[in-house]
There are 2 protein chains.
Amino acid sequence: MRRPTLEAVAARAGVSRATASRVVNGQTTVAPHIRDAVLRAVDELGYLPNPAARSLVTQRTDSIALVVSEPGTRVFSEDPMFSTAIRSASMELDAVNKQVVLMLASSPTSHARVERYIAGGHVDGVMLISMHGADPLPSALSRLRVPVVSYGRPAVPVDIPYVDNDNVGGAEAGVRHLVASGRRRIATIAGPQDMIAGQDRLTGYRTVLRDSDRRSIVAVGDFTRESGAVAMRQLLRDDPGLDAVFVANDLMAVGALQSLRQAGRRVPDDVAVVGFDDIEAAKYTEPPLTTLRHPVAEQAAAMVRLLLGLSEGGPSAPVILPTELVVRESA
Amino acid sequence: MRRPTLEAVAARAGVSRATASRVVNGQTTVAPHIRDAVLRAVDELGYLPNPAARSLVTQRTDSIALVVSEPGTRVFSEDPMFSTAIRSASMELDAVNKQVVLMLASSPTSHARVERYIAGGHVDGVMLISMHGADPLPSALSRLRVPVVSYGRPAVPVDIPYVDNDNVGGAEAGVRHLVASGRRRIATIAGPQDMIAGQDRLTGYRTVLRDSDRRSIVAVGDFTRESGAVAMRQLLRDDPGLDAVFVANDLMAVGALQSLRQAGRRVPDDVAVVGFDDIEAAKYTEPPLTTLRHPVAEQAAAMVRLLLGLSEGGPSAPVILPTELVVRESA
DNA sequence: GATGGGTGAGAGAGCGCTCTCTCACGAGAG
DNA sequence: CTCTCGTGAGAGAGCGCTCTCTCACCCATC
């Protein structure tokens with residue numbers, strides 16, 4: 001006993017399959033009483049259109065791939081940015097009745113699989129969250145004839161519209177806050193330099209330090225708490241006299257705070273700390289973290305709109321969202 | 001200029017469409033030289049099977065829905081359990097070439113949408129992450145003729161195989177640890193009582209307290225940091241003399257630690273704290289958190305295997321995974 | 001009263017694939 | 001040398017839907 005087909009609905013309503021199809025798809029060129037008859041039949045039979053059959057002829061799938069490329073296990077699970085972005089994009093797509101196909105690509109094998117999948121026409125569009133510079137996916141996907149947008153500026157110059165936040169400007173604002181509060185020796189824990197966010201936030205730091213005649217003191221982390229803790233210990237060895245540190249994301253700032261505590265430095269009295277992202281956890285550190293807020297959910301939603309607009313020939317200019325300094329107790 | 005079809009491949013290789021199909025689908029009843037000719041044609045044309053056409057006849061979609069039901073915005077984004085589970089399930093499904101369709105259902109509207117989607121035959125199976133007791137989805141989905149498995153025991157008794165961790169046993173171990181270290185007045189911050197994890201962890205707490213002749217002191221949170229902070233303040237008001245608190249998850253424990261700090265209590269000297277989950281952040285609290293670890297990734301992977309087994313008539317007995325006490329400095 | 005245009009419904013051709021059924025052919029047995 | 005059987009390849013039906021094309025019918029117009 002299989003599922004009812006449109007044929008069955010048409011038969012029950014006493015109309016042709018074509019008319020039933022028109023009603024199901026909401027066309028208006030159907031007389032009201034016929035329309036009602038069809039809808040009643042749909043209801044009685046519990047009819048639901050077969051998506052495969054529909055896709056076959058319409059050449060649409062009504063689903064969108066959300067590709068998260070090269071997610072380090074820890075980072076993906078721990079950094080709430082991912083889940084926030086995924087959630088927001090998902091809700092935005094739900095609203096227009098598109099489904100989200102989630103693809104996590106970490107190995108060359110899985111990159112190839114993703115590429116084949118997209119090329120195979122399983123989805124109508126792709127949202128790419130790719131942070132890593134060496135990632136082959138942005139260029140690979142941009143060659144396909146599927147609309148692609150990116151969350152964050154792609155690391156390699158490639159013709160993909162994207163939505164990003166103002167990483168440089170945010171970093172500048174954070175470091176300027178430290179300068180303004182009289183800090184002299186301002187270090188930074190930078191993010192990975194093969195990621196745009198890592199690069200840009202370091203650029204912002206350097207710009208302000210240069211303009212205010214201070215020396216850069218740089219350690220590099222990989223956006224995990226652990227790397228933040230390690231980098232902070234190294235900075236304290238390199239320059240025991242530092243009195244502030246700008247950390248490229250909150251997760252690393254959490255690690256840095258722990259290292260400072262273990263080294264006996266008081267925050268903010270001895271060392272001021274500014275983070276980046278304003279994750280929820282930033283309110284619960286000891287002391288609460290001064291950081292730069294950027295609208296992750298809005299960025300993801302904007303990305304969805306960009307993608308949907310693209311399929312309708314809309315504009316494909318990058319969207320850059322602003323960043324806001326949130327002052328708490330750490331600086 | 002559309003994509004090459006199997007017809008084109010067959011023509012190029014000089015065989016029938018049926019033979020080309022056999023080769024593409026890896027059947028062995030094809031002579032080697034013909035097989036090679038077809039594969040060469042596939043390669044030259046860049047042929048990829050049309051998934052809609054294939055699904056239409058095979059009645060399979062090779063994709064699995066991952067339904068996260070009723071995720072409070074904050075909890076979903078902040079609790080790393082979700083991303084860990086999603087990641088693990090996704091990787092496990094990738095390995096068998098199944099795609100993950102992610103559906104977040106939070107409102108009655110979206111519940112209906114999910115149900116229609118599943119009933120519509122878009123997917124071959126469903127993995128349900130539903131924590132809320134009043135959630136209509138478990139029973140709704142179990143009525144469909146699609147295999148369904150659940151991450152965590154469903155709150156309402158319903159015939160869905162599931163994988164869960166030993167919440168009761170874990171809570172007992174945590175509280176026993178507090179008893180063994182000589183704590184007298186042991187409170188708890190319980191999780192929401194319409195969630196199984198909330199109920200079971202409270203049950204474990206109560207059992208041990210009863211067995212050791214202590215009085216229960218209970219506040220209830222909703223698994224967010226904020227609610228943990230609020231609950232802790234309330235407990236301190238209710239019983240200023242408490243010397244330990246068992247918190248039903250780490251996120252709430254983070255909030256509780258903050259409230260204890262603000263109230264001037266030292267941890268663990270004045271008040272010992274035990275959490276639950278062992279999220280990464282537990283290592284970075286001040287002081288680091290003693291907690292109960294359970295294997296989220298393994299639980300998700302086991303859920304995938306359960307689902308895949310189900311479609312092949314495998315067993316559908318619930319799987320319960322063990323929990324382990326991780327002693328750090330907070331208790 | 002004949003003609004023209006507009007509207008609503010049906011007929012039927014595919015979309016690209018899988019799979020059953022059929023058939024051709026060659027080898028081995030009698 | 002004929003018959004049987006097994007193996008490998010082709011023919012063709014159909015999966016369930018959309019959409020174009022066609023046509024019937026009604027009303028307004030001259």
Side-chain angles (χ1 to χ4, degrees), chain A residues 1-42 45-63 97 116-117 119-124, chain B residues 1-42 45-63 97 116-117 119-124:
Chain A
M1 132 119 201
R2 25 170 28 100
R3 292 174 33 194
T5 69
L6 193 56
E7 187 79 52
V9 171
R12 186 175 192 107
V15 299
S16 74
R17 203 172 59 245
T19 301
S21 174
R22 277 189 269 263
V23 172
V24 168
N25 290 290
Q27 288 188 26
T28 51
T29 63
V30 180
H33 71 278
I34 294 214
R35 191 185 139 77
D36 289 347
V38 172
L39 289 178
R40 202 175 322 118
V42 164
L45 295 173
Y47 170 77
L48 288 172
N50 179 317
R54 179 176 274 176
S55 292
L56 185 56
V57 40
T58 58
Q59 311 270 39
R60 283 182 297 99
T61 63
D62 289 330
S63 48
N97 254 295
R116 280 179 61 88
Y117 187 80
H122 285 81
V123 294
D124 299 339
Chain B
M1 128 121 201
R2 20 168 34 98
R3 290 174 35 193
T5 68
L6 193 57
E7 188 80 53
V9 171
R12 183 168 193 113
V15 300
S16 74
R17 205 174 56 244
T19 302
S21 173
R22 278 189 269 261
V23 172
V24 168
N25 290 292
Q27 289 189 25
T28 51
T29 65
V30 181
H33 71 281
I34 295 213
R35 189 185 142 78
D36 289 348
V38 172
L39 289 179
R40 204 177 319 121
V42 165
L45 295 174
Y47 170 77
L48 288 172
N50 179 317
R54 180 175 274 176
S55 292
L56 184 55
V57 40
T58 59
Q59 310 270 37
R60 284 182 297 100
T61 63
D62 289 330
S63 48
N97 255 295
R116 280 180 61 89
Y117 187 80
H122 285 81
V123 294
D124 299 339

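Quick note on labels: first sequence line is chain A, next is B, and so on, each numbered from 1. Since this is a predicted model, take the numbers as computed values, not measurements.
Among C:dG16, C:dT18, C:dA13, the nucleotide with an atom closest to any side-chain atom of A:Arg17 is C:dA13. Checking C:dC17, D:dC17, C:dA9 against every side-chain atom of B:Leu6, the shortest atom distance belongs to C:dC17. Across D:dC17, C:dC17, D:dG16, the shortest atom-to-atom separation from the side chain of B:Tyr47 is found for C:dC17. Comparing C:dG14, C:dT18, D:dG10 by their nearest atom to the side chain of B:Ser21 picks out C:dT18.
Look at A:Asn25 and you'll find a side-chain N or O under 4.0 angstrom from OP1 or OP2 of D:dT18. Note on B:Thr29: every side-chain N or O is 4.0 Å or more away from OP1 and OP2 of D:dT7.
A:Leu56 places its CG atom 13 Å from the P atom of D:dC15, with the value rounded to the nearest Å. Summarising the geometry, the separation between CG on B:Leu45 and P on C:dG16 is reported as 14 Å, rounded to the nearest angstrom. A:Ile34 places its CD1 atom 17 Å from the P atom of C:dT7, with the value rounded to the nearest Å. Note: CZ (B:Arg3) to C1' (C:dC17) measures 12 Å, nearest angstrom. As a whole-Å value, the separation of A:Arg54 CZ from D:dC19 P is 9 Å. Straight-line distance from the CG atom of B:Asn50 to the C1' atom of C:dG16: 6 Å, rounded to whole Å. Straight-line distance from the CD atom of B:Glu7 to the P atom of C:dT18: 13 Å, rounded to whole Å. Atom-to-atom, CD of A:Gln27 to C1' of C:dA9 comes out at 12 Å; the value is rounded to the nearest Å.
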Report the C-alpha distance between B:Arg3 and B:Leu48 in whole Å, list the side-chain angles of each, state the deciding distance to 0.1 Å, and finish with yes or no for side chain to side chain contact (heavy atoms under 4.5 Å, CB included).
CA-CA 8 Å; B:Arg3 290 174 35 193; B:Leu48 288 172; 3.9 Å; yes
Going through the checks in order, is the side chain to side chain contact (heavy atoms under 4.5 Å, CB included) test met by A:Asn25 and A:Arg54?
CA-CA 11 Å; A:Asn25 290 290; A:Arg54 179 176 274 176; 3.2 Å; yes
Would you please test A:Ser21 and A:Leu6 for side chain to side chain contact (heavy atoms under 4.5 Å, CB included) and show each step?
CA-CA 7 Å; A:Ser21 174; A:Leu6 193 56; 3.6 Å; yes
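Taking 3.5 Å as the limit, the base of C:dG10 and the side chain of A:Arg22 contain a donor-acceptor pair of atoms between them.
Using a 4.0 Å heavy-atom criterion, one finds that A:Ala18 contacts the bases of the nucleic acid, with or without backbone contacts as well.
Nucleotides of DNA chain D nearest to B:Ala53 and B:Ser16 differ in position, and the one nearer the 5' end is that of B:Ser16.
Within the 4.5 Å cutoff, the side chain of B:Arg22 has no heavy atoms near those of the B:Ile34 side chain.
With hydrogens and angles disregarded, no donor-acceptor distance shorter than 3.5 Å links the side chain of A:Ser63 to the backbone of A:Val123.
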